[in-house]
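One structure is given here, and the rest of the page talks about it.
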Amino acid sequence: MPKAVGIDLGTTNSVIAVMEGGKPDVIVNAEGARTTPSVVAYKGEERLVGQIAKRQAALNPKATLFEVKRFIGRRWDEIREEAGRIPFVVKEGQGGGVRIEANGQDLAPEQVSAEVLRKLVNDASAKIGETIRDVVITVPAYFDNSQREATRQAGEIAGLNVLRVINEPTAAALAYGLDKKGNETVLVFDLGGGTFDVTILELGEGVFEVKSTSGDTHLGGADFDQRIVSWLADEFKKDHNFDLRKDPQALQRLIEAAERAKIELSQASETTISLPFITFDPETRTPLHLERTLSRAKFEELIGDLLRRVREPVQRALSDAKLSPAQIDEVILVGGSTRVPAVKRIVKDIVGKEPNESVNPDEAVALGAAVQAGIISGDASLGDIVLVDVTPLTLGVEVKGGMIAPLITRNTTVPAKKTEVFTTAENNQPGVEINVLQGERPLAADNKSLGRFKLEGIPPMRAGTPQIEVTFDIDANGILHVTAKEKSSGKEASIRIENTTTLDKTEVERMVREAEQNASADKARREKIEKRNALDSLRVQALQQIDESAADQALKDRVKALADEAEEATKGDDDARVADVQKRLEDALRELMTASQAQGDAQGQPKQDDDVIDADFKPAD
Ligand code: AMP
């Protein structure tokens, strides 16, 4: 059976891991790196993913997509403000969802994430020498239903079989606790690029039981970067009366420089940000440069309110788990942003304990996901590990007066199933509309609507008589299925929650097809380029041989004519012509070298080694 892998699909970076000899291990990508930037760029007909996409971001700011995880499964009105702060176009899609515009294409965030997943899996398949299809993908624990469903769909679009969607902190705890023997209560503090999660678990004898989880899906290292960007742009505006945020290229450079400065400040107490030629003075057209020194103290001041925002979710998780900080045995830090010294300080301050830094914050989540993939696919080396997770947010339906009636409260163990009976408010009401909600606020309008559906054909009855059974069923992925049934008539309606922020089935199918077509088009394009490169290097070799050869001029002229033809063919679109010229030039070149050798022999020059001739004729691959 081919291996199942675990994937940490991060806001900033992604990691893929697999069980190997009873232990989870990260699989390096094609570039030899353990993490892959979650960046996708569209350039002409090409799609670039990972480091290569990140590297060209400043030159292609409008079609280099990053931090797309912030938009996956969200409604436009939830992310409108963030959308204005990035160099590419994020806009409202049909039905209030989010779309991204790049290179003339209208893309769903799921499609962009699918490109990252595809690269991770393709590289890993090549590395381990088998085709990977089964994956476990992690999501922030605090992701709601639509965000989870959208992540699962991204996997589907990438042609993968998503065995399970699991929570990032739970995965990190799996990686941390795999070798632990005794019982421990741990708090996982996970601050990544775009999201913050805190989860409290009890570990012991192979059981990993989540007690509570909380978080903020809008808080992460990218927000720290944004604060530096705003500060730099404001200062620059003061000096030059020019807003760098209006220039996508300058903005992209600012974002990159801000992240670098932030990372440096995790080690140093001061750093210099230097961006020469950041723009031109609009009046004098002279180049303008940006140079600023940022101290760690100033940085901490810039992010002060963001840091304070982590406090409440930690306290909520503790109170939901009915634990005091003193009852936490270990605090585990996960996510790149926990390297910021001020973050470590605030964690210590809240929990009153030095954080445990034994896990690698960049890799723990993927490693844990690989363990979960191993458990699901029956990896015998793992023994009996039991994972008990919870749902992060309360689920309910809207009832009269615009209130929410909760069916499954937050921090309920999943999978879970709950049925409640509702009735009608009016006499002879023929149907009811069920609005499924997720969130903690008492008023329906303040929570996220996951979808609405109608149960129709209720026989005429007095108000309050019909018995409408509503059942909520959350699967192990934390994804909800809802059914409603009127008991006297047996009328039933159900939905798998797919609302406006997730894609419908036909859309997913279309994207799967497109992604497959894209993958084969990419392959064809690569082959086309490779063939032209091979012909071009043969042409260069031919010109060199003409110069060095002692063969007669007529033969040299013929090779030169073919080399010219090759030059033209590499510029054109005709593959048959490329192949034909390649063949004829190879033959002519072989002739030239033989003639040259014969001439050399006649003149007493040493005979060239046959092997060298053969090696020269290998098409460049
Ligand atoms: P993750 O989503 O866990 O990959 O975290 C990525 C975030 O961590 C990004 O915002 C990075 O800029 C940030 N990050 C990575 N390394 C460091 C570091 N040494 N100091 C501060 N932030 C970091």
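The first residue in the sequence is number 1, and the count goes up from there. Order of listing sets the numbers, starting from 1, for every ligand and every atom in it.
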For this session: Assign the ring pair Phe236 / Phe242 to parallel, tilted or perpendicular, where the plane angle (0 to 90°) is split at 30° and 60°.
Result: perpendicular
For this session: Not counting sequence neighbours, which residues clear salt bridge (charged side-chain N to carboxylate O under 4.0 Å, His left out) with Arg296? List them please.
Result: none
For this session: Could you tell me whether the side chains of Arg74 and His218 share a donor-acceptor contact shorter than 3.5 Å?
Result: yes
Exercise. Considering distance alone, does some N or O of Glu259 sit under 3.5 Å from an N or O of ligand 1?
Worked result: yes
Problem set entry | Residues that Arg85 engages under salt bridge (charged side-chain N to carboxylate O under 4.0 Å, His left out), provided they are two or more places apart | Glu81
Problem set entry | Nearest protein heavy atom with distance in Å, relative to atom 21 (C) of ligand 1 | Ser266 OG, 3.2 Å
Exercise. So is Gly193 in contact with ligand 1, going by heavy-atom distances below 4.0 Å?
Worked result: yes
For this session: Quick one: look at Ser337 and ligand 1, take heavy-atom pairs under 4.0 Å, and tell me if it's side chain, backbone, both or neither.
Result: both
Problem set entry | Val340 N/O to ligand 1 N/O under 3.5 Å | no
Exercise. Do Tyr42 and Glu115 have a side chain donor and acceptor closer than 3.5 Å?
Worked result: no
Problem set entry | Nitrogen or oxygen of Gly335 less than 3.5 angstrom from that of ligand 1 | no
Problem set entry | Option among Ile72, Val68, Ile157, Val39 that satisfies the side-chain contact (heavy atoms from CB on, under 4.5 Å) test with Val112 | Val68
For this session: Would you please say whether a donor-acceptor pair under 3.5 Å links the side chains of Ser125 and Thr131?
Result: no
Exercise. Do any nitrogen or oxygen atoms of Lys262 lie less than 3.5 angstrom from nitrogen or oxygen atoms of ligand 1?
Worked result: yes
Seminar exercise, completed: Closest to atom 18 (C) of ligand 1 by heavy-atom distance, out of Lys69, Glu168, Arg339, Gln267, is Arg339
Problem set entry | Nitrogen or oxygen of Asp362 less than 3.5 angstrom from that of ligand 1 | no
